[in-house]
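Notes follow once the structure below has been shown.
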Amino acid sequence: MLDKAYDPKPVEERRLAAWEAAKLFDSSPRPGARPFAVVIPPPNVTGALHIGPALNDALQDALIRHHRMRGEEACWVPGADHGGIATQNVMEKQLKAEKTDRRALGREAFLERMQTWTRDCKKTILGQLRRLGCALDWTREAFTMDEPRAKAVFHAFKTLWDQGLIYRGERLVNWCVRCGTALSDIEVEREERKGGLYHIHYRGEGDWDGVVVATTRPETMFGDTAVAVNPKDVRWESAVGKKVLIPLIDRAIPVIEDAHVEFEFGTGALKVTPAHDQNDWEIGQRHQLPAIKAIAPDGKLTEAAGPYAGLSREKARDQVVADLEARGFLRKKEDHKSAVQLCYRCNSVIEPLLSLQWFVKQTELAKPALKALDDGRFKIYPETWAKPYRDWLLNIKDWCISRQIWWGHRIPVWYKEGEKPAVAERAPGPGWTQDPDVLDTWFSSALWPLAVFGWPERTKDLAYYYPTSVLVTGYEILYLWVARMQMMGLAFEGKVPFADALIHGIVRDKSGKKMSKSLGNVVDPLVLMDKHGTDALRFALLAQAHPGKDIAFDEQSVVGARNFVNKLWNSTRFVLMNLPERPPEGGYRLDRLDRKGLELADRWILSRAQSVLETAAKQLDAYDPAAAGDILYGFLWDEFCDWYVELAKARLQGPAGGAQEAARAILVAVLSSMLKALHPLTPFITEELCLALSPFSGDRAEFALKAGYAALSGWSDAAAEAEMSRVMAAVTAVRSLRAQLNVPPGLKIKAAVQGSFAPKILAEHRAYVSALARMESLEPFSARPPQSATAVSDGVTFYVPLAGVIDFAQERARLEKDLAKAETEIVKIEAKVKNPDFLSRAPQAQIEEARAQHAAAAARRDKLKETLAVLS
RNA sequence: GGGCAGUUAGCUCAGCGGUAGAGCACUGUCCUCACACGACAGGGGUCAUAGGUUCAAAUCCUAUACUGCCCACCA
């Protein structure tokens, strides 16, 4: 016998052990079967997973399990990403805590430590995935820096190099002073911050007045190589062509014209610092201006800054401003809001810096990706992300792929005096030295769907699983990752790496704030799993994961899901308690049922179950587990447990025989098919319960995944559904009467029934009504009992004698309230039914329905009025 | 400065052309023989605002107002 409450821990342990022992999730090409392949977004090896990836993984697992149950060869590839800068930063923090740093350690020793860290971290992360119940094919575990992936990276680099798409050049790049490396454009985040706008006087050379420029970054003035004004700006007309002196260092620079300069901003004069500002760089290109570096890669001012050399950016700004002010150059300081650029890994302010870097040309690579989107080979769900994705590809800029860190794939370019640089995996010969930089971590991530299947080798896996089916990820890496995989996949294989991308939202805290360590609002999925069970956590996340929508996550939602899981447990427990010790040969089978012998409730629940299963399957096909979860939850709780199980009790506890067997068979069939349908969402408990039911359900499969897809057919019965809803309404009317008149729950009432639906109730549904409304007897109405209360429903009126219990004033008030309800309903429907436009233009079915509603409401109203008249 | 979402019950969110829904919270009754992680009954919304289309609009269109996100070279 099952315990009274579900205890997740032993069940989860048991299921995990069984899955692993059976290698249940392994996949290999199976001719004839449709592949359904998914590659996991490889988590960075920066530490343990938080709740965000848990959602991402639960979504993928639901899809994988669903498609497995549909008979497809589902393959979900696990793995991890070395995570470049992010991971190196983690290690650097550790080293700092040990009062050392990577330079003291040396490159080789540092990398060795990184390897060890990586091994431990992967263990943690993959352990978490396992614990979540992820149906990952563990034999395929991949890492972006393991041997096969390194091979893929080299091959990709070489191919792009041979095609002339890779080049090296000195460009203005986003430089993170703290991380000590260049970043690509999309690795930079922006944040609006308050700062100052400084108006600085640049004296004229000779004896003219000079100009006043406005800048937010006075400390870069030592790198100025011009002052620019708009060609149409009459205010500065006379200054153009003359020279001004940079204050404090008195270097002369020309005043030039450039259309980029805005009239309204500041003074209309712009100081041009090509080496430290993107716009200025472009102006510099247009006017062949030199680029003078005023800030070094370490964030300190260079020799060009004269007396300020060696000061940090921040200190230099304060000092320069103070000196300008003291010497009368500072004309004005305004408050000013501007968007500062921040490193997406360490959040420090980015310095645009001129440096020698490697780039991949993007325009040509983007074209096939655009085409794939436009002709539908690649689809994004929800569609709303397609436009931003498209715009990004259209305006794509070259990708800076070199990083000045140690952790990553070393750039496979070798140098030697007097030779052209060579691309090779190993030194081409003695005297060659390798480029010290490593590749952007996203370079290897971009190859993930190819690399996990052995590319560039022509493997069977690649032929079978590629292109993969769907990629599940958050919108924050749409460009960083999704777009690049599309470009690379198309460039190297001519096929999209995945046909669909499912973009989900971000898990936020319950007040809607982004989770972050610094805010202290991060949620540890393991803690929640320990507390409430894995299925509960999964269901809570999935039930809220509407496509593309962020989730405001509250632990309360996990409690709610836990309650549902417990409801599954107890309903199965109840069914098992009411089954015989020995199951019938082959289990209960619906096809053995005598359809004519079925009761209304049977026909109703089977019809409903069939429809619910169909809908849930469609929703999972459409990548919407939230909708599937919602409908399954509602059906199981509100319809199956609250009505069907209650109705079946009479037969279960009654005499043995055909009626009892039918109830048992239907309970088993409906429950076990629902458990199977829920399996993609809550794999542990559903499988455990399916197994417990298996002798009765006739399901021989050892695992829910192998039990096949849950479906019923041939049970659709609209008439039964309609009739059942009338019965339910009648029951509810009596229950309501009882509650409102404070009839003790234990007290069984006598009732008489009247109305057009009454004969049917008396003949066929008497047992239902008297059981659920707790009646001692139910008779046809003959005469109104002296002290009785009345419950009016569609086609039925119940009279309940309640001598001594009933309070007439209360009863009147109750009926008047019902009457008021009926009246307002009638007013609404009457407006419709009496509207000639409605009658002439609405579809016939609508009209008929409205008329029927009107008639029913009117009948109810009349009955209530009549009752009230008797009472007064 | 562009673009995209959202604005529905106290809270979190479904619904997206035919009489307003769920979970949680709330009120009342009940430890009724699966489940108090429960049962039954109930209260609570002029579906942001203003127009329009339609027999019919939370649902479609157009504005407006907030909120959030993405993108962008106003120093």
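Every chain is numbered from 1 and lettered A, B, ... according to where its sequence line falls, protein lines coming before strand lines.
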How many whole angstroms separate atom [atom1] of [X] from atom [atom2] of [N]?
X      : N     : atom1 : atom2 : answer
A:L741 : B:A41 : CG    : P     : 15 Å
A:R774 : B:U32 : CZ    : P     : 9 Å
A:I506 : B:A5  : CD1   : P     : 17 Å
A:K549 : B:A14 : NZ    : P     : 4 Å
A:I396 : B:A72 : CD1   : C1'   : 16 Å
A:W385 : B:A5  : CH2   : P     : 11 Å
A:Q278 : B:A72 : CD    : C1'   : 12 Å

Checklist line | Partner of A:K271 by side-chain contact (heavy atoms from CB on, under 4.5 Å), out of A:T225, A:V244, A:V213 | finding: A:V213
[X] side chain: which of [options] is closest?
X      : options             : result
A:P745 : B:G42, B:C30, B:C24 : B:C30
A:Q740 : B:U19, B:A41, B:A34 : B:A41
A:N563 : B:G38, B:C69, B:A41 : B:G38
A:P843 : B:A75, B:A34, B:G18 : B:G18
A:K4   : B:A34, B:C35, B:A41 : B:C35
A:H546 : B:C40, B:A20, B:C13 : B:C13

Check: For the atom pair OG (A:S571) and CG (A:L667), what is the distance rounded to the nearest 0.5 Å?
Finding: 10.0 Å
Looking at [X], I'd like to know whether one of its side-chain N or O atoms comes within less than 4.0 Å of OP1 or OP2 on [N].
X      : N     : result
A:K514 : B:G68 : no
A:R190 : B:C73 : yes
A:H260 : B:C73 : no
A:K821 : B:G42 : no
A:N279 : B:C74 : no
A:T572 : B:A34 : no
A:W637 : B:A39 : yes

Please state the [atom1] separation for the pair [N] and [M] - nearest whole angstrom.
N     : M     : atom1 : result
B:U32 : B:G38 : P     : 15 Å
B:A56 : B:C69 : C1'   : 35 Å
B:A22 : B:G15 : C1'   : 10 Å

Margin query: Before you tell me yes or no, could you show the steps for A:Y381 and A:H504 under ring-ring contact (aromatic ring centres under 6.0 Å, His included), namely the whole-Å CA-CA distance, both residues' side-chain angles and the distance that decides it to 0.1 Å?
Written below: CA-CA 9 Å; A:Y381 299 84; A:H504 61 251; over 10 Å; no
Notebook entry, point to check: Quick one: are A:L681 and A:R538 in side-chain contact, heavy atoms under 4.5 Å?
Noted result: no
Notebook entry, point to check: Is the base of B:C35 touched by the side chain of A:K567 through a donor-acceptor pair closer than 3.5 angstrom?
Noted result: yes
Notebook entry, point to check: Any donor-acceptor pair under 3.5 Å between the side chain of A:R562 and the base of B:C37?
Noted result: yes
Check: Starting at the 5' end of RNA chain B, which residue's closest nucleotide do you reach first, A:D277 or A:P388?
Finding: A:P388
Item checked: A:N742 or A:T384, whichever maps to the more 5' nucleotide of RNA chain B -> A:T384
Notebook entry, point to check: Across all strands shown, which nucleotide pairs with B:C26 by Watson-Crick or G-U wobble geometry, both distances under 3.5 Å?
Noted result: B:G42
Margin query: Check whether A:D258 reaches the backbone of A:H260 with its side chain - one donor and one acceptor, N or O, closer than 3.5 Å.
Written below: yes
Note to self: Using every non-hydrogen atom in the two residues, find where A:L675 and A:T572 come nearest and quote the distance to one decimal.
What the structure shows: CD1-OG1, 4.1 Å
Checklist line | Heavy-atom closest pair, residues A:P231 and A:E257 | finding: CA-OE2, 3.6 Å
